[in-house]
Structure formats: C-alpha cells, structure tokens
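Contents: one structure, followed by commentary.
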Amino acid sequence: MKEKRELLLSLGWGATTIILLIALVLTSKIPTLENGEEVVAKIDGKKISINELYGSLKTQGGYSVLNTLVDKFIISKEITDNSDAEQYAESQLETYRLQYKNQGYDFDVLLKQNGYTIDVFKEDVMYQYNSNIVAENYLKGLFTDKEINDYYKTDIYEELTVRHILVLPDAEENATDAEKQKAEDAALKTANEILEKVKKGEDFSKLAKEYSEDTGTKENGGLYSNFTEANTDSAFYKAAYALKDGEYTLTPVKSQYGYHIILKVSNNGKPKLENVKDKVLDGLLDELKEDDENAITKAWFEIRKKYNLSIVDTDLEKIYKTMSESYK
C-alpha cells in the first residue's frame, strides 16, 4: 500500500493541518482509489473509507489545499532559483527565535511540540515568499507604457548631492514637553553658532567632521549623495533643492531628525527611465496594493487561468468558482 500512503499530503505551518487525498481513478467526476471504499480508519466496528474522508476534507479546507498544490506547481515553473526565498526564510526563522527567546521560550522546541519541524517551517515561509513574487511579477506585467511614463514624470525626483551638518536635540524619549523644547532651543543655538563659522569661510567638510551628529556622513565631511525626495526628509530635500550649486542654507533647516546646515554640491537631474524602471514598477505596484488589498489574491486567480487550471471534482469546482467571483 505504499502508493496509497504517498497520497497523504500534509499542509504545514500557518494553517490548520489538513490531509488531502488525491485520486488516480475518476468515478462520477470524483477522484478515487480503485473503488474508494478502502478503509483508512476503524473505531468500535465503524469503518471510515477513502470516499468518506475525502468528501469531508474537500468541504473543510480542500479548496485551500488544492490552491496550494496548484500554486506550488506554478511557482516551480516561474521561479527556478530559490536562493532569495531561502535567505528570507532563514531571516524569518532567526526573527522568530529572537522574539520567542525574549519571551522566555525556545522557538525550535515549540515547533516540535506542535508537530512541526524547522524544514516544514522554512518550506512554508519560502512558499509564501515565492507566491508573492509570482503574483507581483504578474501584476507588474500588466502596467501600460502610459502608466509607467506618468509615474516616472510625477514620482521620480531629481537626485541631489549635498554636504550637511546635523545637530540633534539632546532629550530623552520620556522627557517632558518643557525639557524637549529646551533641548530644541539648545540644538538650534548650536546650529546657528556652527553656521556663523560657515559664513566666516571655515571649511565646511572639516566643520561637518567636527560637529555633525549624522554618523553616516560626518567622517566623509557630511557628504550625502544621490538622494531624492522619496528617500529623505521632505523639508531637507526642499531646502537643498532650492539652493544653487555651491550655496548653503542661511538658516538652520529643521527636519524630523534635528537641525541641518546644508551646502548644495550638485543637482544630478532625474535618472533615466531605463535605470529606474524597477523602482517605477515597484511604486506602481505599491499604489495598486494600497488601492486594492485583494490585488495579490485576484492575480493568482488569473495566473491559474493562464496555466489552464481545470478542476475535475464538481464540488471543488463550484467552491473555486464561487470564491473567484467573490473577488471580482
């Protein structure tokens, strides 16, 4: 009965474990094994057959399990390199381990106690990761040239390069409003004192190395290269954009981080569309998912259609059709 045992498939992490029996012979459009009356369990004289078990399972999660089996097949066709998914699964595993450790639990032990293994956990995370990738790639392929060009014109900004000096207000998170305001005033006073040094002609790069509290740029003389409004503070970008090359701000600029003195190095212009097309598609996709929280689910219905999915079991077909129409 090895063949029969191989037909028992288990769905792992993230959902109630469901066993789905897949048939090799069809009777009345319902998959069966031989005559479907093979016994899978006995209790006090009661015999539970393949048909009985299958009939119950398909109405209690069979739709979801079938989708998973179908989608895994499609994913195997669409994605041949699983290295990104594997890396993501490893990072998720470490995240869970750390979170549970902080709560006094061993995540690996908890998995085993609930009948799971590390491999099953990682396999499920990889499946979810790849499932999103396939759906997102499908959706990106639907965007028109007009949509791409319009997004490029309105949402891809000119890249700037500046040097800046950041002064941070020295206040604890739990400080009172009065204490925070005092720290703000002190930071602004310090920024103005540094600005006076700039106005007197002192070397901006040296001043940045000495005074800036932006650890990511200070050692390089405050140099901040190729940034846009999309990836920096709006007030900072607008102040930098308004400057001519070689000019600096005449008053400190307040951002969400603190007070900046900004020296404009260059406006590098808008990058070419071909160099930022992936970014444009990601942006369009984010907008689509924000407008429609079911975009990924809808995409999968279309992807399965593209792969000519045909459901033989009439009950499952009816459930699938109902679910599909509910997302239209």
Test log, rule salt bridge (Lys or Arg N to Asp or Glu O under 4.0 Å), inputs E52 and K47: CA-CA 10 Å; E52 188 177 356; K47 296 179 180 179; over 6 Å; no
Between N268 and T161, a side-chain donor and acceptor under 3.5 Å: yes
Any side-chain heavy-atom pair of L160 and S266 under 4.5 Å: no
Side-chain donor-acceptor contact under 3.5 Å, S83 with D81: yes
Verdict with supporting geometry, M323 and Y327, side chain to side chain contact (heavy atoms under 4.5 Å, CB included): CA-CA 7 Å; M323 293 299 294; Y327 284 101; 4.3 Å; yes
Side chain to side chain, K42 and I48, heavy atoms closer than 4.5 Å: no
Non-hydrogen side-chain atoms of L284 and K140 separated by less than 4.5 Å: no
Heavy atoms of other groups near Q87 CD, more than 12 under 6.0 Å: no
Cation-pi geometry met for K199 and Y248 (6.0 Å, 45°): no
Polar side chain donor-acceptor pair, Y307 to E78, under 3.5 angstrom: yes
Trace of the side chain to side chain contact (heavy atoms under 4.5 Å, CB included) decision for K218 with E213: CA-CA 7 Å; K218 69 174 297 178; E213 295 180 81; over 6 Å; no
Exam field: side chain N149 to backbone D145, donor-acceptor pair closer than 3.5 Å: yes
Option among K244, E159, E158 that satisfies the side chain to side chain donor-acceptor pair (under 3.5 Å) test with N267: E158
For the student: nearest non-hydrogen atoms of E184 and P169, plus distance: OE2-CG, 3.7 Å
Any donor-acceptor pair under 3.5 Å from T232 side chain to T228 backbone: no
Whether D124 side chain and V120 backbone form a donor-acceptor pair below 3.5 Å: no
Minimum-distance pair of heavy atoms, taken over all atoms of I165 and L207: CD1-CB, 3.8 Å
Note, V253 side chain near Y259 side chain (heavy atom, < 4.5 Å): no
Test log, rule side chain to side chain contact (heavy atoms under 4.5 Å, CB included), inputs Y100 and L110: CA-CA 9 Å; Y100 277 85; L110 289 176; 3.4 Å; yes
A240 to I262 - nearest heavy-atom pair and separation: CB-CG2, 4.1 Å
Salt-bridge contact K189-E193 (side-chain N to carboxylate O under 4.0 Å): yes
Within 6.0 Å of OH in Y241, more than 12 heavy atoms from elsewhere: no
Full working for salt bridge (Lys or Arg N to Asp or Glu O under 4.0 Å) between E293 and K298: CA-CA 10 Å; E293 62 181 9; K298 291 178 180 178; over 6 Å; no
Side chains of D313 and Y54, donor plus acceptor under 3.5 Å: yes
Polar side-chain atom of E179 near backbone of T176 as donor-acceptor pair, under 3.5 Å: yes
Under 3.5 Å side-chain donor-acceptor pair for Q60 and S56: yes
Main-chain N/O of T144 paired with E147 side-chain donor or acceptor, under 3.5 Å: yes
Flag, side chain of W300 to backbone of S131, donor-acceptor distance under 3.5 Å: yes
K289, NZ atom: more than 12 neighbouring heavy atoms under 6.0 Å: yes
Salt bridge (Lys or Arg N to Asp or Glu O under 4.0 Å) assessment of E94 paired with K101: CA-CA 10 Å; E94 290 307 311; K101 182 179 180 180; over 6 Å; no
Donor-acceptor side-chain pairing of Y320 and R304 below 3.5 angstrom: yes
Under 3.5 Å donor-acceptor, D233 side chain and Q256 backbone: yes
N220 versus T217, side-chain donor and acceptor atoms under 3.5 Å: no
Evaluation steps, salt bridge (Lys or Arg N to Asp or Glu O under 4.0 Å), between D150 and K146: CA-CA 6 Å; D150 286 349; K146 184 179 185 307; 2.7 Å; yes
D177, CG atom: more than 12 neighbouring heavy atoms under 6.0 Å: no
Spacing of D170 atom CG and K180 atom NZ [to the nearest 0.5 Å]: 13.0 Å
Donor + acceptor pair across side chains of D185, Q181 (<3.5 Å): yes
Residue pair H260 / F236: nearest heavy atoms and the distance that separates them: ND1-CE1, 3.4 Å
Proximity of F121 and F107 rings by center, below 6.0 Å: yes
K272 atom NZ: more than 12 heavy-atom contacts under 6.0 Å: no
Smallest separation among heavy atoms of H164 and Y224, with atom names: CD2-CB, 4.4 Å
E302/K305 salt bridge by N-O under 4.0 Å criterion: yes
Side chain to side chain, R163 and K264, heavy atoms closer than 4.5 Å: no
Side-chain donor/acceptor of N192 to backbone N/O of L188, under 3.5 Å: yes
Presence of salt bridge, E86 and K122, under 4.0 angstrom: no
F227 reachable from L223 in the ILVMFWY side-chain graph, under 4.5 Å edges: no
Side chain to side chain, L285 and L281, heavy atoms closer than 4.5 Å: no
Heavy atoms of other groups near E173 CD, more than 12 under 6.0 Å: no
Stepwise side chain to side chain contact (heavy atoms under 4.5 Å, CB included) test for L243 and T249: CA-CA 7 Å; L243 296 170; T249 51; 3.9 Å; yes
Polar side chain donor-acceptor pair, S49 to N51, under 3.5 angstrom: no
Y129 and Q92 side chains, donor-acceptor separation under 3.5 Å: no
D84 and N82, any side-chain heavy atoms less than 4.5 Å apart: no
Closest non-hydrogen atom pair, I261 against F204: O-CZ, 3.4 Å
Under 3.5 Å: donor-acceptor pair, side chain of N275, backbone of P271: no
Whether K270 side chain and K153 backbone form a donor-acceptor pair below 3.5 Å: yes
L250-L166 co-clustered via ILVMFWY side chain contacts under 4.5 Å: no
Any side-chain heavy-atom pair of V162 and L263 under 4.5 Å: no
Residues that K321 engages under side-chain contact (heavy atoms from CB on, under 4.5 Å), provided they are two or more places apart: E325
